[in-house]
Each structure stands twice: as C-alpha cells, then as structure tokens.
Student: 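Below is one structure. I have some questions about it.
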2 protein chains.
Amino acid sequence: MSDREQVRIEVAAQRSGLTKRAIRYYEELGLIQPTGRSESGHRLYTAVDIRRLEKIRMLRETVGLSLLEIQQLLEAEAALEEVRERYRRSAGTDERMALLQEAIASVSSQLRLITRKREALAQLQVEYEDRLARLRAALADLASEPAARGA
Amino acid sequence: MSDREQVRIEVAAQRSGLTKRAIRYYEELGLIQPTGRSESGHRLYTAVDIRRLEKIRMLRETVGLSLLEIQQLLEAEAALEEVRERYRRSAGTDERMALLQEAIASVSSQLRLITRKREALAQLQVEYEDRLARLRAALADLASEPAARGA
DNA sequence: GCAGGAGTTTACGTCAACGGAAGTTTCCCG
DNA sequence: CGGGAAACTTCCGTTGACGTAAACTCCTGC
C-alpha cells in the first residue's frame, strides 16, 4: 500500500527536489494536478505524482526546456493516451491506421527535437573531449620526458 | 581578405540569426565584444565575431543554456587560453604540469555537465523511440492482416 | 543638401518563472 | 485545549532576456 501513500506538499517538494512554490505554480499552469485534496483542502500527492514532478524537474533543469515546451510535451503524451483509447474502440482498419499514423507523426516530431538537441550537445562534447585529450597528451609528454625541450 | 570584412550590426544580426537588440545585450553582459567601431561609433563585426554569435545562439536556443552558463563557459575557454600563454612562458616542468592539471580539471568539469545533459536527453530519446517502434509495429501488423482480429 | 534609413544610447515595458510576505485556517503535540 | 508549525489563497516583487519607443547622430542616394 506504500504506493497509495498520500503526502502533503512539503514532502512532495523534498522528494521531487522542487520548491513548494514551484509545485503550486506548475499546478496553476496545468502541468500537474495533485491526486486529491484532504478534507480541509490540503494538496495530496502520490508516488505517481512525485514521479511526474521529478520528470518535470529533469526536463526543466537538466534538459533545459521551458515550462511551455514541457507542457506541450506532456500534452502530447496525454493525447497519445487518448489515441490509445480511441484506437481500442475504433472499428475499422482504415480508422485505426489513420490513428496510428497520426500518433507516429506526433512522436516523430518530438523525437526530431530531441535528436537536434542531442546533436548540438554531441558537437560540444567532441570539442571538449578533443581539448581534454590534447591536454592529457601534453601532460603525458611532460611526464615521460622530464628533460628540457624546445617549444 | 574576405575574412577581414567588417560588417555592421544589422548584417551581423542576419548572419548570426540573432536580433540587433540581443547582440547589444550580449555585449552589455560581456559575452561578446565587436572587433571594433567605425569612426562614428558604429559597431563592426568580423567573421570571427559572427561565429562567436552563432555559437552563443546555439548554446542558448538549441542546448538551452542560460546566458550566465554561457558566460561561464566562454570565460572558462578564455581562461584556458590564458593558461596556454602562461604555459608557453612557464619555465619549470612542475609548473607546467600544474597548469595542465588545472586545465584538465576545468575541462573535465564542463564535460561532465555536457554529458549529464546528453544522458538525460538520451533517456528521453529511448523512451520516444520505443514508443515509435511500437506504433510502427502496430501499423505493420494492421497492414499485413487486413482481416478482423481480436483485441 | 537634404530626406530617410541605419546606427547609438537611455530608459521603460514585458513575459516567464518563480520568491516572499500577509492574512487566514488546519494540524498536531504536550 | 492551547500554541507553534504547516497549509491555503492572494498579491506584489524580482530576475533574466530581451522588445520597443524616444531622442539624437550618421551616412547615402537623388
């Protein structure tokens, strides 16, 4: 039953690494909805909620997306879920194929964005690795030949 | 001599994909300094300047760094250049090794940040690729068996 | 030689992403 | 059951990253 554990905002903040203010703000923007509220109106978060908060944080801090981009990404995921539902209920093969193609286009689009970012980072990484390699080579050079040498 | 070409801010903006305002702002923050000014005070940019502007833009828009982070990154590069100079002038092997180790530590630190970001993106990418693969499999499934099937 | 299209500085405006204080209610422990 | 910690809403403040307008100078083609 630990998965059904309900925690208040302070604990949710600690576990997600966000501030209480940020969590409320994200709720205001529609990025997250606490699973429920206590009788007196206190927000209650489950493990699922906290994973979502962690994901938002990762996308924000590590990946560097704006809250708008995160919102669109999460909405796209939700839309995909909805397509799943419609898919189950849809009767015709043509209809199903259309739904799938729509979903594929959406995911592909998100994927392209991610790939572009990764490529930019990869370029940077190579640059820095090169630099590091040269520095290490110079160091090894110095270490192996302690005698005086030309420039 | 096309490398010595000096262009004014409008052209620099077009070539770098930034706005004139952004360029002036970056200068205000110390991210870039135009190679020179015309007699009348107009900023003049060279190809080197424009490459720097493009790099800033890439770090900002694609990688998603803040201007502060970009500033630190560029300053670290400049510091590295300075170490290079000191290195050339330094006499003792011990001194040179110390300089190299300092530089290595600095570059390694930057590299770790980049790697962390890439890993976060890689995780996302895998997630999306999985999803895409499943959608494509479902589509292929449908295409190959147009007859009615169970859920 | 002058109109108007760029350039300059200075300054205020704006939007995102929260921070922080005020005023109030709720929880919980001794 | 009383009081301090924590939650709630509301609102104003702030910082980053520019946009935009004003007031002025500069340069160029006709």
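Throughout, protein chains are lettered first and strands after them, A, B, ... in sequence-line order, and every chain is numbered starting at 1.
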Student: Tell me which pairs pass side-chain hydrogen bond (donor to acceptor under 3.5 Å, both in side chains) where either residue lies in residues 55-64 of chain B, with sequence neighbours left out.
Tutor: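 Those involving residues 55-64 of chain B are Glu127(A)-Lys55(B), Lys55(B)-Glu77(B), Arg57(B)-Glu61(B).
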
Student: Mind checking what makes salt bridge (charged side-chain N to carboxylate O under 4.0 Å, His left out) contact with Lys20(A), not counting sequence neighbours?
Tutor: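 So Lys20(A) forms no salt bridge (charged side-chain N to carboxylate O under 4.0 Å, His left out) with any residue.
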
Student: Starting at the 5' end of nucleotides 10-15 of chain C, put B wherever the base has a protein heavy atom under 4.0 Å, S where only the sugar-phosphate does, and a dash everywhere else.
Tutor: -B----

Student: Test your reading of the model: is there a side-chain donor-acceptor pair from Asp49(A) to the backbone of Thr35(A), 3.5 Å cut-off?
Tutor: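 Yes; judged by distance alone, with no hydrogens or angles, the pair exists.
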
Student: Contact boundaries of DNA chain D with chain B (under 4.0 Å, heavy atoms), 5' to 3'?
Tutor: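 Under 4.0 Å from chain B, the extent on DNA chain D is dA17(D) to dC27(D).
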
Student: Do the non-hydrogen side-chain atoms of Ile23(B) and Tyr45(B) ever get within less than 4.5 Å of each other?
Tutor: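 Yes. Closest side-chain heavy atoms under 4.5 Å.
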
Student: Quick one: do the Glu129(A) and Gln125(A) side chains pair a donor with an acceptor below 3.5 Å?
Tutor: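 Per modelled atom types, Glu129(A) and Gln125(A) side chains form a pair under 3.5 Å.
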
Student: Minimum heavy-atom separation for Lys117(A) and Val63(A), please, with both atom names.
Tutor: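 That would be NZ-O, 4.3 Å.
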
Student: Return the 5'-most residue of the pair Arg8(A), Leu44(B) with respect to DNA chain C, ranking by each residue's nearest nucleotide.
Tutor: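 Checking each residue's closest nucleotide, the 5'-ward one belongs to Leu44(B).
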
Student: Excluding sequence neighbours, so at least two apart, what forms salt bridge (charged side-chain N to carboxylate O under 4.0 Å, His left out) with Arg15(B)?
Tutor: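 Arg15(B) satisfies salt bridge (charged side-chain N to carboxylate O under 4.0 Å, His left out) with Glu5(B) only.
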
Student: What residues, two or more places apart in sequence or in another chain, satisfy side chain to side chain contact (heavy atoms under 4.5 Å, CB included) together with Gln110(B)?
Tutor: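 In terms of side chain to side chain contact (heavy atoms under 4.5 Å, CB included), with neighbours along the sequence ignored, Gln110(B) is linked to Tyr128(A), Leu73(B), Ala76(B).
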
Student: Which whole-number value in Å describes the distance from Ile23(B) CD1 to dT9(C) P?
Tutor: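 Those two atoms, CD1 and P, are 13 Å apart.
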
Student: Quick check: does any side chain N or O of Glu69(A) sit under 3.5 Å from a backbone N or O of Ser66(A), one acting as donor and the other as acceptor?
Tutor: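 At least one qualifying donor-acceptor pair exists.
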
Student: Just checking Ile9(B): base, sugar-phosphate only, or nothing, at a heavy-atom cut-off of under 4.0 Å?
Tutor: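 It contacts sugar-phosphate atoms only.
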
Student: Figure out the OH/C1' separation between Tyr26(A) and dA17(C), and round it to whole Å.
Tutor: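 In whole Å, dA17(C) C1' and Tyr26(A) OH are 7 Å from each other.
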
Student: Check each residue of residues 30-41 of chain B for a non-hydrogen atom within less than 4.0 Å of any atom in DNA chain D, then write out the ones that pass by number, or none.
Tutor: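 Per residue number, the list reads Ser40(B).
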
Student: At 4.0 Å (heavy atoms only), tell me whether Arg24(B) reaches a base, stays on the sugar-phosphate, or touches nothing.
Tutor: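 Base contact.
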
Student: So, do Leu74(B) and Ile56(B) sit near enough that their side-chain heavy atoms are less than 4.5 Å apart?
Tutor: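 Side chain of Leu74(B) against side chain of Ile56(B), heavy atoms only: contact under 4.5 Å found.
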
Student: Do Thr115(B) and Leu121(A) come within less than 4.5 Å of each other through their side chains, counting heavy atoms only?
Tutor: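 A side-chain contact under 4.5 Å is absent here.
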
Student: If you define the side chain from C-beta out and look only at heavy atoms, does anything of Leu44(A) sit under 4.5 Å from Arg37(A)?
Tutor: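 Not touching, per the 4.5 Å side-chain cut-off.
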
Student: Strictly below 4.0 Å, heavy-atom distances to any atom of DNA chain C: list the hits from residues 63-77 of chain A, or just say none.
Tutor: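 Ser66(A), Leu67(A), in order of number.
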
Student: For Arg43(A), check salt bridge (charged side-chain N to carboxylate O under 4.0 Å, His left out) against everything at least two apart and list the hits.
Tutor: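 Salt bridge (charged side-chain N to carboxylate O under 4.0 Å, His left out) check on Arg43(A) returns Glu27(A).
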
Student: Using residues 101-109 of chain B as the side-chain source, report each donor-acceptor pair under 3.5 Å to any protein atom, sequence neighbours left out, with the distance given to one decimal.
Tutor:
| unit_1 | atom_1 | unit_2 | atom_2 | d |
| --- | --- | --- | --- | --- |
| Ser108(B) | OG | Ile104(B) | O | 2.7 |

Student: Is there side-chain contact between Thr93(B) and Arg96(B), with at least one heavy-atom pair below 4.5 Å?
Tutor: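 Result no, sub-4.5 Å side-chain heavy-atom pair not found.
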
Student: Output the residues of residues 52-62 of chain A in contact with DNA chain C, where contact means a heavy atom of the residue under 4.0 Å from an atom of the strand; sort by number or write none.
Tutor: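 Of all residues in residues 52-62 of chain A, the ones placing a heavy atom under 4.0 Å from DNA chain C are Arg60(A).
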
Student: With sequence neighbours left out, what residues match Glu28(A) under salt bridge (charged side-chain N to carboxylate O under 4.0 Å, His left out)?
Tutor: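 Glu28(A) satisfies salt bridge (charged side-chain N to carboxylate O under 4.0 Å, His left out) with no residue once adjacent residues are dropped.
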
Student: To the nearest angstrom, how far is Lys20(A) atom NZ from dG19(C) atom P?
Tutor: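 Those two atoms, NZ and P, are 11 Å apart.
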
